[in-house]
A.B. asks: 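My structure is below; once you've seen it, I'll send some questions.
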Amino acid sequence: MVERIDTEILIVGGGPAGLATASALPEGTSSVLVHQDREIGQPVRTSGGCWMRDVDRLGLPAELAHPVTCADIYSDYEHLTLDMSSDPVGVLDVTGLYRWLAHQSKAEIRCATKYLRTQREGGLYVSRMREGKREYEVASRVIVDASGWHSSVLKSLQLGAAPVRRGIGIEYEYPAPAHDPNRAALFFGSAVPTGYGWAFPTTSGALRLGVGLIEPDSDASPKDLMRDFLESGGLDRMGLPVPTNFHVNAGILPSTPFAPNLVFGKVIRVGDSANMATPTLGEGIRICIEQGRALGAALGARSPTALKRWERDVRRTLALQYKIGFAANKRAAAYTPDDWDRSVVRMKTLPPEELLRFFRNDFSARMIARRGAQAFGRKLSRTLLGR
């Protein structure tokens with residue numbers, strides 16, 4: 001006989017989306033959250049980029065976010081210093097933030113628990129788990145797939161599949177006491193084909209130096225890209241310290257179009273399972289927290305109507321913005337180093353506020369109209385020239 005746990009809601013995944021969902025459930029809701037790692041927030045699988053205005057808006061502890069007011073942007077032969085004081089970036093203490101979210105959880109959290117599969121039994125979803133050598137079942141009325149890019153629940157129930165196109169990154173985090181704590185760096189071009197690199201100062205006086213690429217647009221290894229970058233002299237050019245006594249963070253996120261279908265009866269996906277990271281820079285913690293909390297409130301209403309309303313609200317908020325951002329993502333992934341040099345030159349002509357909105361994947365009506373006019377102009381030119 002296999003032990004069975006009965007609960008109303010099962011949440012698969014202890015990242016920001018799953019934890020935020022659990023934190024917004026009504027008191028007394030019977031719920032279980034399973035997380036495959038031994039600890040919440042360890043290992044770290046994200047660089048933790050956010051925006052200070054969202055830290056305030058979402059009520060996150062200020063001490064868990066390090067404000068950055070300047071970024072140097074590099075291509076092979078161009079350089080731009082971007083003033084971000086009007087809209088500072090926040091570099092999050094990822095482990096501390098996830099544990100803060102877990103402290104608010106209304107669900108029973110079970111770490112070191114691997115989700116295996118789910119099957120329907122009448123009106124219930126029966127999910128198989130493994131904890132150490134022991135296997136058991138969780139029977140739930142509702143199941144939330146917050147498993148990240150794996151989309152484990154949807155895949156098990158044949159409601160979806162893991163994405164083929166993915167962003168893959170590696171990051172070295174190391175002490176950098178002499179680095180300007182207000183300064184970040186982004187770099188593009190031959191050092192990071194199809195992707196980009198970054199250097200972010202943290203709340204602890206460390207630096208997170210990372211590179212990421214898009215698979216299968218590139219068949220390179222992030223580990224090899226990092227090695228080649230460190231040997232290239234790029235650190236000297238950017239004024240960044242050499243990594244010493246570092247530990248490695250690594251992660252994967254979907255790099256696919258926005259997913260409009262989030263609710264499948266009583267199976268709901270949220271976070272990276274729903275492609276919620278921004279397509280421009282792959283930044284998604286703030287979105288996972290916001291939409292996870294909204295999902296928790298909708299689940300608390302115990303109404304299919306509330307869930308469909310949540311789904312419509314997510315579409316209204318993200319669909320158009322992500323469509324534009326993904327088009328930019330696809331175009332940038334095909335850039336050559338010369339293209340990136342020209343792109344940085346164009347960036348110099350933009351107001352800082354507009355460039356920041358682009359990086360944030362927050363396109364104003366003016367930006368959308370301009371992009372539409374440019375696309376129409378290119379189409380007209382091809383027609384007139386017979387191309």
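Index from 1, following the sequence.
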A.B. asks: In chain order, what residues pass the ring pair (Phe, Tyr, Trp, His ring centres under 6.0 Å) check against Phe246, with sequence neighbours excluded?
C.D. replies: Tyr172
A.B. asks: Can you give me the closest heavy-atom contact between His150 and Ala162, atom names plus distance?
C.D. replies: O-CB, 3.8 Å
A.B. asks: Within the 4.5 Å heavy-atom criterion, are Gln119 and Glu137 side-chain neighbours or not?
C.D. replies: no
A.B. asks: So Arg128 and Val2, do their side chains get closer than 4.5 Å, heavy atoms only?
C.D. replies: yes
A.B. asks: Assess whether side-chain contact (heavy atoms from CB on, under 4.5 Å) is satisfied between Leu281 and Asn361, documenting all intermediate values.
C.D. replies: CA-CA 8 Å; Leu281 288 183; Asn361 205 93; over 6 Å; no
A.B. asks: Please, which pairs that meet side chain to side chain donor-acceptor pair (under 3.5 Å) have at least one residue in residues 39-53, sequence neighbours excluded?
C.D. replies: Asp37-Arg45, Glu39-Arg99, Gln42-Thr95, Trp51-Glu283, Arg53-Asp87
A.B. asks: Might you point out which heavy atoms bring Gly239 and Arg183 nearest each other, and give the distance in Å?
C.D. replies: O-NH1, 3.7 Å
A.B. asks: Are Ile170 and Leu213 connected in the hydrophobic side-chain network, where two residues link if heavy atoms are under 4.5 Å apart?
C.D. replies: yes
A.B. asks: Given Glu8, which of Lys106, Lys266, Arg141 fulfils the salt bridge (charged side-chain N to carboxylate O under 4.0 Å, His left out) condition?
C.D. replies: Arg141
A.B. asks: Quick check: is Met276 connected to Leu92 through a chain of hydrophobic side chains (ILVMFWY, heavy atoms under 4.5 Å apart)?
C.D. replies: yes
A.B. asks: Could you walk me through whether Glu78 and Trp340 pass side-chain contact (heavy atoms from CB on, under 4.5 Å), step by step?
C.D. replies: CA-CA 9 Å; Glu78 294 291 340; Trp340 275 115; over 6 Å; no
A.B. asks: Using the ring of Tyr125 (Phe, Tyr or Trp, six-membered ring only), decide whether Arg120 places NZ or CZ under 6.0 Å from its centre and within 45 degrees of its axis.
C.D. replies: yes
A.B. asks: Might you confirm whether atom NZ of Lys223 has over 12 heavy atoms from other residues, nucleotides or ligands at distances under 6.0 Å?
C.D. replies: no
A.B. asks: Take atom CD in Glu63; do more than 12 heavy atoms of anything else shown fall under 6.0 Å from it?
C.D. replies: yes
A.B. asks: What are the two closest heavy atoms between Val68 and Met84, and how far apart are they?
C.D. replies: O-CE, 3.5 Å
A.B. asks: Between Leu207 and Phe200, is there shared hydrophobic-cluster membership here, with clusters defined by ILVMFWY side-chain heavy atoms closer than 4.5 Å?
C.D. replies: no
A.B. asks: Keeping to residues at least two apart or across chains, list the side chain to side chain donor-acceptor pair (under 3.5 Å) pairs with something in residues 195-213.
C.D. replies: Glu171-Trp198, Glu173-Arg208, Thr202-Ser204
A.B. asks: Could you report the tightest heavy-atom contact between Phe363 and Gly325, atom names first, then the distance?
C.D. replies: CE1-N, 3.7 Å
A.B. asks: Give the minimum heavy-atom separation between Ala185 and Tyr74, together with the two atoms involved.
C.D. replies: CB-CE1, 4.4 Å
A.B. asks: Indicate if Ile214 and Phe187 have the same hydrophobic cluster label, given that clusters are the connected sets of ILVMFWY residues with side-chain heavy-atom separations under 4.5 angstrom.
C.D. replies: no
A.B. asks: Salt bridge between Glu353 and Arg357, side-chain N to carboxylate O under 4.0 Å?
C.D. replies: no
A.B. asks: Is there a donor-acceptor pair closer than 3.5 Å between any side-chain N or O of Thr21 and the backbone N or O of Ala17?
C.D. replies: yes
A.B. asks: Compare all side-chain heavy atoms of Cys111 with those of Arg38 and state whether any distance is below 4.5 angstrom.
C.D. replies: no
A.B. asks: Is there a side-chain contact between Tyr322 and Asn275, using heavy atoms and a 4.5 Å cut-off?
C.D. replies: no
A.B. asks: Roughly how far, to the nearest 0.5 Å, is the CD1 atom of Ile9 from the CG atom of Leu299?
C.D. replies: 4.5 Å
A.B. asks: Return yes if some donor-acceptor pair links the side-chain N/O of Asp339 with the main-chain N/O of Thr336 below 3.5 Å, else return no.
C.D. replies: yes
A.B. asks: Any non-hydrogen side-chain atom of Asp54 less than 4.5 Å from a side-chain atom of Arg57?
C.D. replies: yes
A.B. asks: Is any side-chain heavy atom of Arg286 closer than 4.5 Å to a side-chain heavy atom of Thr278?
C.D. replies: yes
A.B. asks: Considering only heavy atoms from C-beta outward, does the side chain of Ser221 approach that of Ile168 to under 4.5 Å?
C.D. replies: no
A.B. asks: When clusters are formed by joining ILVMFWY residues with side-chain heavy atoms under 4.5 Å apart, either directly or through shared neighbours, do Val138 and Val153 land in the same one?
C.D. replies: yes
A.B. asks: To the closest 0.5 Å, what do you measure between CD1 (Ile40) and CG (Leu33)?
C.D. replies: 6.5 Å
A.B. asks: Is a side-chain N or O of Asn245 found less than 3.5 angstrom from the main chain of Pro175, in a donor-acceptor match?
C.D. replies: no
A.B. asks: Which pair of non-hydrogen atoms, one from Val242 and one from Leu235, has the smallest distance, and what is that distance?
C.D. replies: CA-CD1, 3.9 Å
A.B. asks: Out of curiosity, Ile287 CD1 to Cys50 SG, how far, rounded to the nearest 0.5 Å?
C.D. replies: 9.0 Å
A.B. asks: Asp145 side chain to Leu154 main-chain N or O, any donor-acceptor pair under 3.5 Å?
C.D. replies: yes
A.B. asks: Is it the case that Arg110 places NZ or CZ above or below the six-membered ring of Tyr136, under 6.0 angstrom from the centre and within 45 degrees of the axis?
C.D. replies: yes
